[in-house]
Chemist: 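Here it is, the structure in full.
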Amino acid sequence: GPCEVEQVSLNVVDCKMSAWGPWGLCSKTCMGGQTRRERSIEMHAENGGAPCEEVTSETMPCNDFPCSADPESKDCALSRWSDWSKCSSDCGQGLQTRSRYVAIPAVEGGMSCNDPLEETRPCEDLPECDHADCEWGEWSRFGVCSQSCGGGFRARNRTVTQEPTRGGNTCEALDSISEIEACNTKPCYEECIDGLWAVWEEWGECSRTCGAGVEWRHRTMAIQASACGEPVEGESTEVRRCNEAKCREDTDCKIGEWSVWDSCSKSCDGVHSRSRTIEVPGSGSGKLCGNGTAGVALQEVTSCNGAKDFEKEDNKSKLEACGFEGHEPVDCTLDEWQEWTTCTATCDGGQMTRDRKIKSLPKNGGTPCEDQLREVAPCNPKPCMAPADCAWGIWEEWRECTRCDGERTRTRGVARHASGTGRACEAGDSQVVEKCDE
């Protein structure tokens, strides 16, 4: 059979470096020397662990100030110049700087340092920078003619599409960045042409998602009437109702009749109960079961076969048989109410119930049990749908005039439906009409 290979798990060990040691003595007492510090490898990497860093020693400059002929000099002394900085630009023109500092300040009347601490020079051998020349865009399309007949005008323009950069050529001045030309020069009274409607557009979306909204459709002219022709007849917009179903049903709560009392639980000092159920739960704006947070009883309990019951019946044999006489009366007690159950709805109104039990039964003519063991109450009445007003979309372009001296229209659609109790869009606001220029 094939050989089985034993899997061996290797312990991965990362390299560990020691901390840096202290800096050593400077190699010179003045005019710039070097100092050095070192660190070592405490643990080498094993089995694929992170390798050691290559740097185990570092050097840095020290005592960077001139050697004085007189060690006891009280004059100021400057450090050596730093290296020239990187050029401020990678093309065209740029600058480099270098600096120095006061290494030994003047003391007790010594000469102060008056030489500059920073120098600047232009960069050498930089390549020329790439640049972009200004560019004019193409002419736009001509706009709509100002007249449908009898001579009008329309305009077009152009703009700069590329600004000059990095010394590029500026835009040349043009004779004009806007042009106007004549249009629709034919006479308005050339011949009598009757207007004709185009087919209706599709119905738009309803202004409400529920609770009765409206939807509308528009139509445009296929043929414009001339000055002597008959204009189109009829409306350019039709409106009809839509989504008339209620946003939520408004139903009143209906609780059924009480059942008959069940049999007494004991022949002496017992209890019996009756109950009823919710036949129709309340919803929407309808009346819920209960009033506010107050509950309505769904189960009631009362005592039976007690001393007072037999006394009313003048049933001495039962009183004697149960042994009521000569004993201390004990009252009925009920447990605390349990927690309310989870509401049947998270919004738009629901119902919740709670129960309690008999803790101890009455004895020997004590106060009887006469209270409710289950009750129902309303909960979460807030509406599920937050109200939002209808919002309109942007206006479309103006449509052609019904005739030379007639009217023109433009329309818009619904961008957002009204929801809940929000304000719906009015159909009349979907269209505007204005007189055409004569």
Chemist: Check V271, L298, L334, D355 against L373 for a side chain to side chain contact (heavy atoms under 4.5 Å, CB included) and give me the one that passes.
Modeler: L334
Chemist: Looking at side-chain heavy atoms only, is the closest gap between R98 and S82 below 4.5 Å?
Modeler: yes
Chemist: Within a strict 4.5 Å, meaning less than it, do heavy atoms of the Q162 and C171 side chains meet?
Modeler: no
Chemist: Do D262 and S273 pair up side chain to side chain, a donor and an acceptor below 3.5 Å, judged on atom types alone?
Modeler: yes
Chemist: Without hydrogens or angle criteria, can the side chains of E396 and T411 be said to hold a donor-acceptor pair below 3.5 Å?
Modeler: yes
Chemist: Is any side-chain heavy atom of W337 closer than 4.5 Å to a side-chain heavy atom of Q372?
Modeler: yes
Chemist: Could you check whether any side-chain heavy atom of E181 comes within less than 4.5 Å of a side-chain heavy atom of R154, counting everything from C-beta outward?
Modeler: yes
Chemist: Using a 3.5 Å distance criterion without hydrogens, assess whether the side chain of S27 forms a donor-acceptor pair with backbone atoms of G33.
Modeler: no
Chemist: State whether the side chain of N184 and the backbone N or O of Q147 hold a donor-acceptor pair below 3.5 Å, judged by distance alone.
Modeler: yes
Chemist: If you measure from the Lys or Arg side-chain nitrogens to the Asp or Glu carboxylate oxygens, is any gap between R121 and E119 under 4.0 Å?
Modeler: no
Chemist: Looking at E201 and R217, is there a salt bridge between them, counting it only when a charged N and a carboxylate O are closer than 4.0 Å?
Modeler: no
Chemist: Is there a side-chain contact between W136 and T161 (heavy atoms, below 4.5 Å)?
Modeler: no
Chemist: Would a distance-only check, ignoring hydrogens and angles, find a side-chain to backbone donor-acceptor pair under 3.5 Å from S265 to G270?
Modeler: no
Chemist: Answer whether the closest heavy-atom distance between the side chains of V296 and R276 falls below 4.5 Å.
Modeler: yes
Chemist: Side chains of L361 and D269: does their closest heavy-atom pair fall under 4.5 Å?
Modeler: no
Chemist: Within the supplied structure, the quantity of interest is the number of heavy atoms (other residues, nucleotides, ligands) at a distance under 6.0 Å from M17 CE; does it exceed 12?
Modeler: yes
Chemist: Determine yes or no for a side-chain-to-main-chain donor-acceptor pair under 3.5 angstrom, with T97 supplying the side chain and S85 the backbone.
Modeler: no
Chemist: Can you list the residues that meet the side-chain hydrogen bond (donor to acceptor under 3.5 Å, both in side chains) rule with H218, with sequence neighbours excluded?
Modeler: T237
Chemist: Could you please spell out the steps behind the side-chain contact (heavy atoms from CB on, under 4.5 Å) verdict for V102 and L78?
Modeler: CA-CA 5 Å; V102 176; L78 297 175; 3.9 Å; yes
Chemist: Could you tell me whether the side chain of D133 and the main chain of N169 form a donor-acceptor pair under 3.5 Å?
Modeler: yes
Chemist: Are any of the side-chain nitrogens in R158 or E138 under 4.0 Å away from the carboxylate oxygens of its partner?
Modeler: no
Chemist: Can you tell me which residue among E300, E257, Q299 is in a side-chain hydrogen bond (donor to acceptor under 3.5 Å, both in side chains) with R274?
Modeler: E300
Chemist: Taking all non-hydrogen atoms of both residues, which atom of S89 and which atom of G94 are closest, and how far apart?
Modeler: CB-CA, 4.2 Å
Chemist: Is a side-chain N or O of S259 found less than 3.5 angstrom from the main chain of S275, in a donor-acceptor match?
Modeler: yes
Chemist: One thing to verify: whether R240 and E215 come together as a salt bridge, which I'm taking to mean a side-chain N less than 4.0 angstrom from a carboxylate O.
Modeler: yes
Chemist: Kindly determine whether T409 and T220 satisfy side-chain contact (heavy atoms from CB on, under 4.5 Å), including the steps that lead there.
Modeler: CA-CA 9 Å; T409 61; T220 58; over 6 Å; no
Chemist: Return the orientation label for the W261 and H272 ring planes: parallel under 30°, perpendicular over 60°, tilted otherwise.
Modeler: parallel
